[in-house]
Number of protein chains: 2
Amino acid sequence: MRPALISRVQVLDATLRLASEKGLSAVTMRSVATRLGVSPMALYRHVGDKQGLLDGLVERLMTEVAGAVENADEDWRVPLRGLAANMRRTARRYPDLFVLLFQRRAVTPGAVAARDAVYRALRAAGVAEPELDRLERMISTFMLGFAASEAGGRFAGIDADAEFRYAEERIEQLITAAVETDR
Amino acid sequence: MRPALISRVQVLDATLRLASEKGLSAVTMRSVATRLGVSPMALYRHVGDKQGLLDGLVERLMTEVAGAVENADEDWRVPLRGLAANMRRTARRYPDLFVLLFQRRAVTPGAVAARDAVYRALRAAGVAEPELDRLERMISTFMLGFAASEAGGRFAGIDADAEFRYAEERIEQLITAAVETDR
DNA sequence: ACCTGAACACCGTTCAAGT
DNA sequence: ACCTGAACACCGTTCAAGT
C-alpha cells in the first residue's frame, strides 16, 4: 500500500486545462503526466488508457453544459436559453473536444442531466408526450450543431450571437406551434 | 524531370477508401503511401502535409454531398431532401472525418455548391432575401448536426430515418411559415 | 495499491541524395 | 520534377520492477 500521488479527478482537471489552453492535439499521456509531475504510466491506473481519458473529458464537458441551468422559472424559455448559452460557451472553450459529443449517446449522468433540462422546458411549454422525444432530440441536435459550428469556425465572419437569436426565435416558434396542434 | 508515379487525385482517392474502410485513425502518411506503393515522403509533394491531406479529404466530402442534387424540379422540397440524404450517406461513410466539416467555412467549391443548393431551394419556396442567409445557415447547421449525430452514434438505438422525417417536416413547416410572414 | 524506467512499435516531418 | 532512405523527435502502451 502506498499513498496515491494523483486521483482521477486531478487527471481530468489537468487535462481539461491543457485542452482549453493548447487544444486537443497538445493532450498526450506524456504532457498530462508532466503537468501532474508524474510519469506517463501513472495515468493508466486512473483513466484506463487514452480513450478512457477522452471519455472522462467528454463527460465533464456535458456536466459543464448541464450545470447551473435554472430550473423552476415561470418562463420555459429561460432554462432552454441557459442550456444553449452553456453549450456555446463550453464549445468555445474546447472547440476540438466538443465534436466528440456527437459520438456519445446521452447515457452518462452529465448528458442525461442536459437532456432532462430540455425535457422539462418542453413539458413546461406544454408539449405533449408523443412528440416530446423527437422535439427534444431535434432541438438538442441543432444546439449541438450550432455550438460546434461556432466554435469550429464554420461561422467565421458572421455575428454568431445575432445568428443564434434568430434560430432561437424560430425554435421557440416551432415549440409553440407544436403545442397549438396538440390542443 | 521524371514521370510522376502518383497524383494528388490518386492520393485523395486512396485516402478516402482507407478512411471509409478502417476509419480516420488508420489514415497515416505511411499507410496511405503503402497503399499507393510509394514511400511516405512521396505524398508531401502532392498534398503538402498531413493537414493538407485532411483538407483535401474534407473538400472531397463536400463535393460528394453537393453532387447529384437535382435542381430544376417543380417542388423545392426535392433538392433539399436530396441534399440531406447525401449528407447523411456521406456522414455514415466517413463518420470520424465528417465532423471536420464543422471547422470549415463554406469557401471551397464543394461547400459553396452545397450551400447554393439550399439557397435555390429556399428561393424557390419563396423565402425573401433578408431572411435567406439566416434560414440557410440554420437549416445547413441542423442537417450537419443531424448527420454527424447519426453517423457518430449519438442516435444509437433510435430509428434515424423516422427521426429525420419528423425533423424534415418541422423544417419545411418553418420555411413555409417564413414565406407566409413575408407576404 | 500505486508509481517508475526501459523498451517496443508506431507517428509526422527534415534533409540530403538519387534519377 | 519527383521520389527515396535514413534520421529525429515525438506518440501510446507493455512489462517487469520498485515501494
Side-chain angles (χ1 to χ4, degrees), chain A residues 1-61 94-97 99-100 103-104 152, chain B residues 1-61 94-97 99-100 103-104 152:
Chain A
M1 191 42 185
R2 172 206 249 250
L5 289 181
I6 54 170
S7 67
R8 177 181 168 84
V9 171
Q10 282 178 312
V11 173
L12 293 178
D13 282 346
T15 310
L16 239 18
R17 246 178 297 127
L18 198 59
S20 81
E21 286 167 19
K22 307 190 177 181
L24 184 56
S25 67
V27 172
T28 70
M29 299 302 272
R30 287 165 146 95
S31 66
V32 172
T34 301
R35 232 179 214 240
L36 292 165
V38 93
S39 113
M41 289 316 301
L43 305 179
Y44 283 78
R45 182 153 305 270
H46 303 280
V47 295
D49 57 7
K50 177 84 184 274
Q51 187 56 53
L53 178 64
L54 293 179
D55 289 347
L57 252 37
V58 169
E59 168 60 4
R60 291 280 290 256
L61 248 56
Y94 315 101
D96 37 13
L97 209 52
V99 297
L100 294 181
Q103 292 163 7
R104 317 276 150 168
Chain B
M1 194 38 186
R2 171 206 249 249
L5 289 181
I6 54 169
S7 68
R8 178 182 167 83
V9 172
Q10 282 177 313
V11 173
L12 294 179
D13 283 347
T15 311
L16 238 19
R17 244 179 298 128
L18 198 58
S20 81
E21 287 167 19
K22 307 191 180 181
L24 184 57
S25 68
V27 172
T28 71
M29 298 303 271
R30 286 165 146 95
S31 65
V32 172
T34 302
R35 236 184 208 234
L36 292 164
V38 92
S39 111
M41 287 316 299
L43 304 180
Y44 283 78
R45 183 153 305 269
H46 303 281
V47 296
D49 57 7
K50 178 84 184 274
Q51 186 56 52
L53 178 64
L54 292 179
D55 289 346
L57 252 37
V58 169
E59 168 60 5
R60 291 280 289 258
L61 248 56
Y94 314 103
D96 37 13
L97 211 49
V99 296
L100 295 182
Q103 291 162 8
R104 317 277 149 169

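- Remark: C1' of D:dT4 and NE2 of B:His46 are 13 Å apart, rounded to the nearest angstrom.
- To the nearest angstrom, C1' of C:dG18 lies 14 Å from CG of B:Leu5.
- The listed nucleotides are D:dT4, C:dT4, C:dG12; the one nearest the side chain of B:Lys50 is C:dG12.
- Proximity note for A:Thr28 (side chain, C-beta onward) versus D:dT4, C:dC11, D:dG12: the nearest is D:dG12.
- We find that OH of A:Tyr44 is positioned 18 Å from P of C:dC2, with the value rounded to whole Å.
- Across all strands shown, C:dC2 pairs with D:dG18; the Watson-Crick or G-U wobble distances both stay below 3.5 Å.
- The side chain to side chain contact (heavy atoms under 4.5 Å, CB included) test with A:Leu97 singles out one residue from A:Val27, A:Leu57, A:Thr15, and that residue is A:Leu57.
- Of the candidate nucleotides C:dG12, D:dA6, C:dC3, D:dA6 has the atom nearest to the side chain of B:Met41.
- In terms of position along DNA chain C, the nucleotide closest to A:Arg45 lies nearer the 5' end than the nucleotide closest to the other residue of the pair B:Pro40 and A:Arg45.
- Checking D:dC8 for Watson-Crick or G-U wobble geometry (two distances, each under 3.5 Å) identifies C:dG12 as its partner.
- Projected onto DNA chain C by closest heavy-atom contact, A:Ile6 and B:Met29 fall at different nucleotides, the more 5' of which corresponds to A:Ile6.
- Between B:Leu43 atom CG and D:dC2 atom C1' there is a gap of 12 Å when expressed in whole angstrom units.
- With C:dG12, D:dT13, D:dC3 as the candidates, the nucleotide lying closest to the side chain of B:Arg30 is C:dG12.
- Within 4.0 Å (heavy atoms only), A:Ala42 reaches at least one base atom of the nucleic acid.
- The minimum heavy-atom distance linking B:Ile6 with B:Gln10 is given by the pair CA-OE1, 3.1 Å.
- Across all non-hydrogen atoms, the minimal contact from B:Arg8 to B:His46 is NH1-O, 3.4 Å.
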Given B:Asp13 and B:Arg17, is the side chain to side chain contact (heavy atoms under 4.5 Å, CB included) satisfied, shown in steps?
-> CA-CA 6 Å; B:Asp13 283 347; B:Arg17 244 179 298 128; 4.2 Å; yes
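- Across every non-hydrogen atom of A:Leu36 and A:Ala14, the tightest pair is CD2-CB, 3.8 Å.
- Here the P atom of nucleotide C:dA1 and the CZ atom of A:Arg8 are 19 Å apart, to the nearest Å.
- Per the geometry, CG belonging to B:Leu36 stands 13 Å off C1' belonging to D:dC3, to the nearest Å.
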